[in-house]
Amino acid sequence: MVPLDSVDLAAIWLTLKLATLTTVLLLLIGTPIAWWLARTRSKWKGPIGAVVALPLVLPPTVLGFYLLVAMGPHGFIGQLTQSLGLGTLPFTFAGLVVASVFYSLPFVVQPLQNAFEAIGERPLEVAATLRASPVDTFFTVVLPLAKPGFVTAAILGFAHTVGEFGVVLMIGGNIPEQTRVVSVQIYDHVEAMEYAQAHWLAGGMLAFSFLVLLVLYTSRLKQGWRG
């Protein structure tokens, strides 16, 4: 029986911190995007929806490469952060957060968009007849009705961030206690032929993934029974 060492625990803690912060940012950023996609009739809905969904089909290394270029010293994001006195983002925890937000965005936006579309027009029309402002309607009508979508989005965003590998390796590299997350730590153990340690971390990831799916499917079954 091989216990987890301090390096493994540091990778777990960093992964949880990254996933938590990324999920919060994704909900803040993804909610207005999903609301706009669910409500708009603009000709830009298709192209913007495709851009949001791009990480679903794009290889992580491709997305990671272009983010690395954009956040580098000569990229437009890198030049912006340098002008603000923040330096460059690659190989930093902040860079991991930015990359994770881009990579996990569709896993949050799409459940929210589906939840918003499922509400329909009737509740919004009733709120309008009661002279509720658009902001009041959103917070008192839309958010409560879309709560299952927010739960699903938060779980998927968190779980997807925990399981990242290609993007975080391209952007963060492999710096202990700074950018080395669990998926990279497993890779390091395998490269060093430390299979016992890799089993511990990989088994934990497997159990975590199963629990995420179990929660999602159980919640959907309960919603189906209530309906």
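The model shown is predicted, which means the values in this text are computed figures rather than measured ones. Because only heavy atoms are used, hydrogens play no part in the values below, and waters and symmetry mates are left out as well, while side chains stay in.
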Asker: For a quick test of reading the model, state the closest non-hydrogen atom pair linking A99 to V167 and the distance between them.
Answerer: CB-CG1, 3.6 Å
Asker: Taking C-beta and beyond as the side chain, do E121 and R39 meet within less than 4.5 Å on heavy atoms?
Answerer: yes
Asker: Return the CG to OG distance between L105 and S100, rounded to the nearest 0.5 Å.
Answerer: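 OG of S100 is found 12.0 Å from CG of L105.
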Asker: Could you check whether any side-chain heavy atom of Q178 comes within less than 4.5 Å of a side-chain heavy atom of T92, counting everything from C-beta outward?
Answerer: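 The answer is no, as the side chains (C-beta and beyond) never meet within the 4.5 Å cut-off.
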Asker: Does any non-hydrogen side-chain atom of R180 lie less than 4.5 Å from one of I175?
Answerer: no
Asker: Could you walk me through whether K17 and F93 satisfy the side-chain contact (heavy atoms from CB on, under 4.5 Å) test, starting with their C-alpha distance in whole Å, then the side-chain angles of each, then the deciding distance to 0.1 Å, before giving a yes or no?
Answerer: CA-CA 10 Å; K17 184 170 69 170; F93 180 77; 3.8 Å; yes
Asker: Taking the side chain as every heavy atom from C-beta outward, state whether F150 and L143 have any atom pair closer than 4.5 Å.
Answerer: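 Result yes, sub-4.5 Å side-chain heavy-atom pair found.
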Asker: Out of curiosity, M170 CE to Y103 OH, how far, rounded to the nearest 0.5 Å?
Answerer: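 Going from CE on M170 over to OH on Y103, the span is 12.5 Å.
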Asker: How many angstroms lie between CG in L201 and CG in L9, if you round to the nearest 0.5 Å?
Answerer: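 Going from CG on L201 over to CG on L9, the span is 9.0 Å.
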Asker: Could you pull out the closest heavy-atom pair between P111 and G149, with the gap in Å?
Answerer: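 Taking every non-hydrogen atom into account, CB-O, 4.0 Å.
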Asker: Spell out, yes or no, whether L58 and I171 are grouped together once hydrophobic residues are joined by side-chain heavy atoms under 4.5 Å, including indirect joins.
Answerer: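 L58 and I171: one cluster.
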Asker: Do the side chain of T161 and the main chain of T22 share a donor and acceptor less than 3.5 angstrom apart?
Answerer: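 Side chain of T161 to backbone of T22: no pair is present.
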Asker: Verify the neighbour count for atom CZ of F208: are there more than 12 heavy atoms of other residues, nucleotides or ligands below 6.0 Å?
Answerer: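 Correct, the count exceeds 12.
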Asker: Compare every heavy atom of L27 with every heavy atom of A153, then report the nearest pair and how far apart it is.
Answerer: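 That closest heavy-atom pairing would be CB-CD2, 4.3 Å.
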Asker: With no hydrogens and no angle check, is any side-chain donor or acceptor of T31 less than 3.5 Å from a backbone partner on L28?
Answerer: no
Asker: Less than 4.5 Å apart, any side-chain heavy atom of L37 and any of F116?
Answerer: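 Contact flag for L37/F116 side chains = no.
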Asker: Is it the case that one hydrophobic cluster holds both V101 and V108, taking links as side-chain heavy atoms less than 4.5 Å apart, direct or via other members?
Answerer: yes
Asker: Flag yes if V69 and V62 sit in one hydrophobic cluster, no otherwise; membership is Ile, Leu, Val, Met, Phe, Trp, Tyr, and two members link when side-chain heavy atoms are under 4.5 Å apart.
Answerer: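 Result: yes, single cluster for both.
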Asker: Is a side-chain donor or acceptor of Q113 paired with a backbone partner of W35 at a separation under 3.5 angstrom?
Answerer: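 Judged by distance alone, no pair lies under 3.5 Å.
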Asker: Considering non-hydrogen atoms only, spot the tightest contact between T137 and A127 and give its length.
Answerer: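 The answer is OG1-CB, 3.6 Å.
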Asker: Would you kindly confirm whether I12 and V181 end up in one hydrophobic cluster when ILVMFWY residues are joined by side chain heavy atoms under 4.5 Å apart?
Answerer: no
Asker: Would you say that more than 12 heavy atoms from the other residues, nucleotides or ligands in this model lie under 6.0 Å from the CD of E177, or not?
Answerer: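 Check fails, neighbour count at 12 or below.
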Asker: Please state whether the rings of F165 and Y187 are parallel, tilted or perpendicular, taking 30° and 60° as the class boundaries.
Answerer: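 F165 vs Y187 ring planes: tilted.
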Asker: Is there side-chain contact between M71 and T88, with at least one heavy-atom pair below 4.5 Å?
Answerer: no
Asker: Nearest 0.5 Å please: distance from the OG atom of S104 over to the CG atom of L156.
Answerer: 9.5 Å
Asker: Could you tell me if the side chain of L124 sits less than 4.5 Å from the side chain of V142, heavy atoms only?
Answerer: yes
Asker: Please give me the minimum heavy-atom distance between P55 and F102, naming the atom from each residue.
Answerer: CG-O, 3.4 Å
Asker: Spell out, as yes or no, whether a donor-acceptor pair under 3.5 Å connects the side chain of N114 to the backbone of Q110.
Answerer: yes
Asker: Would you find a donor on one side and an acceptor on the other, under 3.5 Å apart, between the side chain of T81 and the backbone of G78?
Answerer: yes
Asker: May I ask whether L56 and V109 are part of the same hydrophobic cluster, defined by side-chain heavy atoms of I, L, V, M, F, W, Y residues being less than 4.5 angstrom apart, directly or through others?
Answerer: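 No, because L56 and V109 fall into different hydrophobic clusters, even though each may have its own neighbours under 4.5 Å.
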Asker: Of all heavy-atom pairs between P73 and Q79, which one has the smallest distance, and what is that distance?
Answerer: O-CG, 3.7 Å
Asker: Got more than 12 heavy atoms from elsewhere within 6.0 Å of NZ, K45?
Answerer: yes
Asker: Among side-chain atoms of D8 and Q197, is any donor-acceptor pair under 3.5 angstrom?
Answerer: no
Asker: Once you round to the nearest 0.5 Å, how far does CG of L21 lie from CG of L16?
Answerer: 12.5 Å
Asker: Can you tell me if S42 uses its side chain to pair, donor with acceptor, with the backbone of W44 under 3.5 Å?
Answerer: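 Side chain of S42 to backbone of W44: a pair is present.
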Asker: To the closest 0.5 Å, what do you measure between CD1 (I77) and CG (L86)?
Answerer: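 Rounded to the nearest 0.5 Å, the CD1-CG separation comes out at 12.5 Å.
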Asker: Using the rule given for side-chain contact (heavy atoms from CB on, under 4.5 Å), can you reason through D188 versus N174, listing the C-alpha separation, both sets of side-chain angles and the distance that settles it, and then say yes or no?
Answerer: CA-CA 9 Å; D188 285 348; N174 191 358; 2.8 Å; yes
Asker: Donor-acceptor check, side chain of S83 to backbone of L80, threshold 3.5 angstrom: yes or no?
Answerer: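 Yes: the side chain of S83 pairs with the backbone of L80.
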Asker: What I'd like to find out is whether the side chain of L25 reaches to under 4.5 Å of the side chain of V97, using heavy atoms alone.
Answerer: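 L25 reaches V97 side chain to side chain.
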